[in-house]
Amino acid sequence: LSEAKGMDISMKKAKKWFAAALVLCMVLHLPGCGTGGGDGGESKKDEPASEKKTIGCVLLTREHVFWNMMEKAIQKEADANGYEVIFSDGQQDSDTQFSQVQDFITQKVDAIILSPASSSGSAAAIDMADEAGIPVFTLNCTSDGEPVCHVGTNEILGGKLAGEYAAELLGGAGNTAIITYEEIEPCVQRAQGFEEALKAYPDMKVLTTGNYAGDAAKAANVTQDFITQYPELDLIFAVGDPAAVGALNTIKAAGSDIRIIGYDGNPEGIEAIKSDTDGKVWIADVAQDPDGQGKAVIEAVKKHFEGEEVDKTVLIDPYIIDADYIKENNL
């Protein structure tokens, strides 16, 4: 009897030790302690969490509304995909941008988005990143280097839209001038498209061009030179809204009836066109799509990360904003 009691006590102790061991296994997730299931009773080891991808983004500038809108669009799409983005202000300067690309390489980012300050001065930065194994995607502004993908606006089409609008506005006969930005290839393409469109109208002429180098104050001075040298001038095509702002100020101060077609679709352009006074000068604007470009460049980066084929060029079509468009779309 005493021997049976001893065995009973031992069995009870064994059960307690087994229960304690089972709980410990469950807490520690030890292998071989599963309770069955599709894996044959063996628990799977926890897989390491994937690292968050980081993208370095060198903007052309952070001083213009268009680029502020572009930055927000990039950030929104990056957030949606779980990417971290580090932004830098390129200050419209190639040397500054080269240093910023160097910094991103040092930080070992996973990709770089670059909006070159000079189409002919950015290849070295792209080559440097490529040698470090970091893919580069150019945005809005083209490069003579070899990025994985370029995302931008169909600039030739945008210039043609402006030229067609100018010809219609002036009844197929008139004198125009172009405020361009010679250092930026997309701006050169806008001017090119404008002139190509006017070739279909023998009585539409481009009398002169002037470079504003991205500075509204310079655009104001260029416009003053236009007014002084060409009193017969009817219309100015400004390849960027900052240029149109400078031209508007000069034309108003001179009391001139020269009209303006801008390019970007920035809020200041829309407000000017809507204005009872400024709208008589700033007639229309070729609108880019910063939201569309920001989304498209992150989509291209994502495809590259996931090993998918990436288009070398993604161009988004612009469109004309004028008083009718503003009214129809309640802008």
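These values consider heavy atoms only, across backbone and side chains, with no hydrogens, waters or symmetry-generated copies. From a predicted model like this one, the values you see are computed outputs, not experimental measurements.
- The OH atom of Tyr325 lies 11.0 Å from the CD1 atom of Ile320; values are rounded to the nearest 0.5 Å.
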Donor-acceptor pairs under 3.5 angstrom involving side-chain atoms of residues 237-252: please list them, not counting sequence neighbours.
residue: Asp241; atom: OD1; partner: Tyr263; partner atom: N; Å: 3.2
residue: Asp241; atom: OD2; partner: Gly265; partner atom: N; Å: 3.2
residue: Asp241; atom: OD2; partner: Asn266; partner atom: N; Å: 2.8
residue: Asn249; atom: ND2; partner: Val245; partner atom: O; Å: 3.4
residue: Thr250; atom: OG1; partner: Ala220; partner atom: O; Å: 2.9
residue: Thr250; atom: OG1; partner: Gly246; partner atom: O; Å: 3.4
residue: Lys252; atom: NZ; partner: Asp278; partner atom: OD1; Å: 3.0

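- Shown here are the salt bridge (Lys or Arg N to Asp or Glu O under 4.0 Å) partners of Lys218, two or more places apart in sequence or in another chain: there are none.
- Side-chain atoms of Tyr201 and Glu168 form no donor-acceptor pair, as typed in the model, at a separation below 3.5 Å.
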Before giving the answer on side chain to side chain contact (heavy atoms under 4.5 Å, CB included), spell out for Ile283 and Leu169 the whole-Å C-alpha distance, their side-chain angles and the decisive distance to 0.1 Å.
CA-CA 9 Å; Ile283 301 295; Leu169 180 68; 4.2 Å; yes

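- Nearest heavy atom pair, residue Pro318 against residue Leu157, reads CD-CD2, 3.9 Å.
- Listed for the Glu195 side chain is no donor-acceptor partner under 3.5 Å among the backbone atoms of Val206.
- Grouping Ile, Leu, Val, Met, Phe, Trp and Tyr by side-chain contacts under 4.5 Å, direct or through others, leaves Ile156 on its own.
- Under the 3.5 Å distance criterion, the side-chain polar atoms of Ser275 are left unmatched by any main-chain donor or acceptor of Glu271.
- Pairing each heavy atom of Ile184 with each of Ala117, the nearest pair is CD1-O, 2.9 Å.
- Atom CD of Gln192 is separated from atom NZ of Lys160 by 8.5 Å, given to the nearest 0.5 angstrom.
- Within the 3.5 Å criterion, the main-chain N or O of Ala213 finds a donor-acceptor partner in the side chain of Asn211.
- Between the side chains of Gln288 and Thr153, a donor-acceptor pair is found at a separation under 3.5 Å.
- Closest non-hydrogen pair, Gly172 versus Asp203, comes out as O-CB, 3.5 Å.
- Looking only at atom types and distance, the side chain of Gln75 has a donor-acceptor partner in the side chain of Asp79 under 3.5 Å away.
- Glu232 meets the side-chain contact (heavy atoms from CB on, under 4.5 Å) test with Asn175, Leu207, Tyr230; sequence neighbours excluded.
- Side chain of Thr106 to main chain of Gln102: a donor-acceptor pair is present (N/O by atom type, distance under 3.5 Å, no hydrogens or angles).
- Considering only heavy atoms from C-beta on, Ile74 comes within 4.5 Å of Phe87 through its side chain.
- When atom types are taken as modelled, the side chain of Ser119 and the backbone of Thr142 share a donor-acceptor pair closer than 3.5 angstrom.
- Residues Gln92 and Tyr181 meet the side-chain proximity criterion, which asks for heavy atoms closer than 4.5 Å.
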Give every donor-acceptor pair under 3.5 Å between a side-chain atom in residues 300-316 and any protein atom, sequence neighbours left out.
residue: Lys302; atom: NZ; partner: Asn81; partner atom: OD1; Å: 3.1
residue: Lys312; atom: NZ; partner: Pro147; partner atom: O; Å: 2.7

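- How far CZ of Phe226 is from CG of Asn221: 11.5 Å, rounded to the nearest 0.5 Å.
- Across every non-hydrogen atom of Ile227 and Ala254, the tightest pair is CD1-CB, 4.1 Å.
- Separation of atoms OG (Ser88) and CG (Asp103) is listed at 8.0 Å; rounding is to 0.5 Å.
- Within the structure, salt bridge (Lys or Arg N to Asp or Glu O under 4.0 Å) pairs that include any residue of residues 316-331 do not occur (at least two apart or interchain).
- Across Pro116 and Leu60, no two heavy atoms sit closer than the pair O-CD1, 3.7 Å.
- With sequence neighbours left out, Lys280 forms a salt bridge (Lys or Arg N to Asp or Glu O under 4.0 Å) with no residue at all.
- As a member of the Ile/Leu/Val/Met/Phe/Trp/Tyr network built from side-chain separations under 4.5 Å, Ile105 groups with Val58, Ile86, Phe98, Val101, Phe104, Val109, Ile112, Leu114, Ile126, Met128, Ile134, Val136.
- With values rounded to the nearest 0.5 angstrom, Thr208 atom OG1 is found 9.0 Å from Asp225 atom CG.
- Note: the hydrophobic cluster containing Val188 does not contain Ile179 (ILVMFWY, side chain heavy atoms under 4.5 Å, direct or indirect links).
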Would you check, one step at a time, whether the test side chain to side chain contact (heavy atoms under 4.5 Å, CB included) holds for Leu170 with Arg259?
CA-CA 10 Å; Leu170 299 177; Arg259 283 162 285 185; 3.5 Å; yes

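- Judged purely by atom type and a 3.5 angstrom limit, Glu77 has no side-chain atom pairing as donor or acceptor with the backbone of Ala296.
- Applying the salt bridge (Lys or Arg N to Asp or Glu O under 4.0 Å) rule to Glu71 yields the partners Arg62; only residues at least two apart in sequence or on another chain are considered.
- Side chain of Ser115 to backbone of Leu139: a donor-acceptor contact under 3.5 angstrom is found.
- Side-chain atoms of Thr176 do not come within 3.5 Å of backbone N or O of Ile236 as any donor-acceptor pair.
- By the side-chain contact (heavy atoms from CB on, under 4.5 Å) test, Ala73 is found to be paired with Asp291, residues two or more places apart in sequence or in another chain being considered.
- When all heavy atoms of Ala216 and Tyr212 are compared, the closest pair comes out as N-CD1, 4.3 Å.
- Expressed to the nearest 0.5 Å, how far CD of Glu185 lies from CG of Asn140 amounts to 12.5 Å.
- Taking Ile, Leu, Val, Met, Phe, Trp and Tyr as hydrophobic and joining them when side-chain heavy atoms fall under 4.5 Å apart, one finds Met69 in a cluster with Val65.
- Counting only residues at least two apart or in different chains, ring-ring contact (aromatic ring centres under 6.0 Å, His included) contacts with residues 265-287 are absent.
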